[in-house]
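Remember, it's a predicted structure, so these values are computed and weren't measured experimentally. Residue numbers start at 1 and run along the sequence shown.
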Amino acid sequence: GMDAELHLGLAAARSRAVGLEQARPLYRRARELAESAGREDLAARAALGFADRPDAGGAGHLDVVSVLEAALRRGLASESVLRTRLLSRLAAELRYVDRARAEALLEEALRAARGLGDAAALAQTLDDSTFVRFSPDDPEGWVALNEEVVRAARGAGDPELELAGHAGRWTGLLELGDLVGVDRALAECEIATAALHTPLARWLRAAARSMRALLDGRLGEAEERIVA
């Protein structure tokens, strides 16, 4: 168990430092060690680390699907939070590959997450649901879903997920033509995630400011922000 935990910590550190692909062999090894030690909880955590956050493509990466499926097959009867996370993450991976199954997995995960009383699990499950439920045909629903992500992430003390929720909000509000709402969402995002200095956070905030300048016709300012 201790070897598996050590590998999990090393994998997470490597993922933050040099990227997920470089960390995946460590996550895979952590899963093997956890399974050998009979630690289904650590095996599930390794699977979730290996999968990480869904990407925009939704291609159903075979390695990710396989790892998540294997972790779910182990039961996790006493690890309801981890099982819920595996369900929602698998749903996000399958969203364009097997839509019906993705929706069924997500529904099960959301029901479980809302009953767990675990703010972090709910926030992460809702974030996974944004990948499954995105549709340009329902911007109001998209805004409402991302507002729920923001609330849950704030309750969980997770500024990275809160930032993702804010980004979803302002894209939906843009589709609705609600510039007042966009400005409010951008201001709330700036305040809520000011202390978050990850590359993604800096890029998202800069992109939002550039986008807003373009909408106002402030082309020079927008170009400066884009170049910077």
Side-chain angles (χ1 to χ4, degrees), residues 7-8 11-12 14-16 18-32 34-35 40-76 79-114 120-139 141-142 145-146 148-149 152-153 158 160-161 163-165 167-168 171-172 175 199-200 203-204:
H7 276 75
L8 274 174
R14 181 172 290 184
S15 183
R16 287 192 297 270
V18 295
L20 177 63
E21 289 306 316
Q22 298 299 315
R24 276 183 163 158
L26 281 171
Y27 277 122
R28 195 183 290 277
R29 180 58 180 153
R31 183 169 64 91
E32 293 168 354
E35 288 174 352
E40 282 81 3
D41 58 330
L42 296 181
R45 285 172 52 196
L48 288 166
F50 183 91
D52 201 61
R53 193 165 183 258
D55 63 29
H61 297 291
L62 292 179
D63 283 352
V64 173
V65 171
S66 174
V67 164
L68 294 170
E69 296 267 28
L72 278 168
R73 281 196 298 271
R74 299 183 73 85
L76 293 165
E79 298 290 343
S80 53
V81 169
L82 286 171
R83 186 172 187 280
T84 299
R85 289 288 298 112
L86 290 166
L87 287 169
S88 68
R89 181 60 187 83
L90 181 58
E93 198 64 28
L94 294 175
R95 64 193 186 274
Y96 297 138
V97 179
D98 187 343
R99 184 75 190 179
R101 185 165 180 233
E103 284 286 354
L105 288 166
L106 182 62
E107 280 298 323
E108 183 180 353
L110 284 169
R111 281 196 305 272
R114 295 187 196 284
L122 177 59
Q124 290 164 335
T125 301
L126 286 167
D127 181 57
D128 285 339
S129 78
T130 64
F131 290 87
V132 179
R133 296 278 167 83
F134 171 74
S135 170
D137 298 328
D138 183 19
W142 178 245
L145 175 57
N146 280 280
E148 193 174 5
V149 171
D158 190 330
E160 291 191 7
L161 279 187
L163 176 62
T171 59
E175 287 186 44
L200 176 61
W203 177 83
L204 271 175

* Asked: Are Arg133 and Glu148 ion-paired here, with the side-chain N under 4.0 Å from a carboxylate O?
  ->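 No salt bridge links Arg133 with Glu148.
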* Under-4.0 Å salt bridge between Arg111 and Glu108 ->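 Salt bridge flag = no for Glu108 with Arg111.
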* Asked: Stepwise, does the side-chain contact (heavy atoms from CB on, under 4.5 Å) test hold for Arg95 with Leu105?
  -> CA-CA 10 Å; Arg95 64 193 186 274; Leu105 288 166; over 6 Å; no
* To do: Ignoring hydrogens and angles, state whether a donor on the side chain of Gln124 or Arg85 is under 3.5 Å from an acceptor on the partner side chain.
  => yes
* Derivation and outcome, salt bridge (charged side-chain N to carboxylate O under 4.0 Å, His left out), residues Arg99 and Glu103 -> CA-CA 6 Å; Arg99 184 75 190 179; Glu103 284 286 354; 3.2 Å; yes
For the [atom1] atom of [X] and the [atom2] atom of [Y], what is their distance to the nearest 0.5 Å?
| X | Y | atom1 | atom2 | value |
| --- | --- | --- | --- | --- |
| Leu122 | Leu110 | CG | CG | 8.0 Å |
| Glu69 | Leu62 | CD | CG | 11.0 Å |
| Leu72 | Arg89 | CG | CZ | 12.0 Å |

Can you check whether [X] reaches [Y] side chain to side chain, under 4.5 Å on heavy atoms?
| X | Y | answer |
| --- | --- | --- |
| His7 | Glu32 | no |
| Pro54 | Asp128 | yes |
| Leu126 | Asn146 | no |

Quick one: closest heavy-atom pair of [X] and [Y], and the distance?
| X | Y | result |
| --- | --- | --- |
| Phe50 | Arg24 | O-NE, 2.7 Å |
| Arg53 | Ala164 | NH2-CB, 3.4 Å |
| Thr171 | Trp142 | OG1-NE1, 3.1 Å |
| Ser88 | Leu106 | CB-CD1, 4.4 Å |
| Arg31 | Ala70 | NH1-CB, 4.2 Å |
| Thr125 | Ala113 | OG1-CB, 3.9 Å |

* **Listed partners of Phe131 passing ring-ring contact (aromatic ring centres under 6.0 Å, His included), at least two apart** => none
List the atom pairs, donor and acceptor, that lie under 3.5 Å between side-chain atoms in residues 40-49 and the rest of the protein, sequence neighbours left out.
| residue | atom | partner | partner atom | Å |
| --- | --- | --- | --- | --- |
| Asp41 | OD1 | Arg39 | NE | 2.9 |
| Asp41 | OD2 | Arg39 | NH2 | 2.9 |

* **Under the side-chain hydrogen bond (donor to acceptor under 3.5 Å, both in side chains) test, residues paired with Asp63 that sit two or more places apart** =>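 Asp63 satisfies side-chain hydrogen bond (donor to acceptor under 3.5 Å, both in side chains) with no residue once adjacent residues are dropped.
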* Ala11 backbone acceptor or donor facing Ser15 side chain under 3.5 Å -> no
* To do: Give the intermediate values and the outcome of side-chain contact (heavy atoms from CB on, under 4.5 Å) for residues Leu68 and Leu87.
  => CA-CA 8 Å; Leu68 294 170; Leu87 287 169; over 6 Å; no
